[in-house]
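Everything below concerns the one structure shown next.
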Amino acid sequence: MKFFIDTANLAQIKEAQDLGVLDGVTTNPSLMAKEGISGEENVLAHYRAICEIVDGDVSAEVISTDFEGMVREGEALAALDEKIVVKIPMVKDGVKALKYFSDKGIKTNCTLIFSAGQALLAAKAGATYVSPFIGRLDDISTDGLGLIESIRVIFDNYGFDTEILAASVRHPMHIIECAQIGADVMTGPLSAIEALLKHPLTDIGLAKFLADHAKANS
Ligand code: E4P
C-alpha cells in the first residue's frame, strides 16, 4: 500500500519524507490556500518545491471546470516535473480530460469521487488514480470504507489498472481498514500516519527496558 501525504505544507512533506515511508503527495486548492499560496507563478513554484522534496507522485489540481481549461492547466502542470499527476474533478468535462491525458501518457488523479459509478467512469476514461473521499462520506453518516470495498470489487472484476487512492483519510483506523480492503494508496495528514506508530505498551515496554538497563549499569 502506498502512503501519500495530503498537504501542501513543505515542512510536513519533508518530515514524512524523512520518515522513509512516503510514496507521494496530494494537494488541492483548499490545501494550497491554507499555506497562503496564490497566483499562477507562486502555485507553479510551490509544486516545483514539493517535487524537489518527495520521491513519488505529486497530485496538482486544475481549477478549470471546462475541457479546454483543464487541458491548458494540466499540460502546464505536467510540464513542471515528471512526478506531477494532473488532478481532475469528477465532472463531465473532467471525464473527457481524463481520456485526453490518458491518451497522451500523462498521469491523472480523478478527485471528488463519492460513488462507485463515478469511479467506474473515471477508470474507463483511463485515470491513473481515483480518489474516493472516505472521511467526507463518514461525515454525512455514509459508509466511506464501504465505497472503497465496492470499487475494489469492480476494478478487480474487470482488471482495471486504475489505482484506488483512498482520500479524505482522517485517522489511523481508516488507514488500517483501507489496507485490509486492498486500497492501492491512502492519502492523509501527517498526524494519521504518525498515529500508526503509537501503542501504550510500546511506550511502557521501552521505559522498562531503559530503566532495567540503567539499573544494571549504575
Ligand atoms: C484528496 O486528494 C483530497 O485532497 C483530500 O483527501 C480531501 O480531504 P478532506 O476531506 O480532509 O479535505
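Whatever order the structure lists them in is the order used to number ligands and atoms, beginning at 1. Only heavy atoms go into these numbers, but all of them, side chains included; no hydrogens, no water, no symmetry mates.
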- request: For K96, check side-chain contact (heavy atoms from CB on, under 4.5 Å) against everything at least two apart and list the hits.
  value: F67, D93
task: Answer yes if L80 and L10 sit in the same cluster of Ile, Leu, Val, Met, Phe, Trp and Tyr residues linked by side chain heavy atoms under 4.5 Å apart, and no otherwise.
output: yes
For ligand 1, list every N/O pair with the protein closer than 3.5 Å, one pair per line with the distance.
from, atom 1, to, atom 2, distance (Å)
ligand 1, 2 (O), K87, NZ, 2.6
ligand 1, 4 (O), D6, OD1, 2.9
ligand 1, 4 (O), D6, OD2, 3.4
ligand 1, 4 (O), N28, ND2, 2.8
ligand 1, 4 (O), K87, NZ, 3.3
ligand 1, 6 (O), D6, OD2, 2.7
ligand 1, 6 (O), S168, N, 2.7
ligand 1, 10 (O), R136, NE, 2.7
ligand 1, 10 (O), S168, OG, 2.7
ligand 1, 10 (O), R170, NH2, 2.9
ligand 1, 12 (O), R136, NH2, 2.8

Set of side-chain hydrogen bond (donor to acceptor under 3.5 Å, both in side chains) partners for N9, sequence neighbours left out: E35
field: D23 side chain to F3 backbone, donor-acceptor under 3.5 Å
entry: yes
- prompt: Counting heavy atoms not belonging to D161, are there more than 12 under 6.0 Å from its CG?
  reply: no
Sequence neighbours excluded and cut-off under 3.5 Å, please list the side-chain donor-acceptor pairs for residues 45-63, or say none.
from, atom 1, to, atom 2, distance (Å)
H46, NE2, A8, O, 2.7
Y47, OH, T27, OG1, 3.2
D55, OD2, Q17, NE2, 3.4
D57, OD1, K107, NZ, 3.1
D57, OD2, K107, NZ, 3.1
D57, OD2, Y129, OH, 2.5
S59, OG, N109, ND2, 3.1

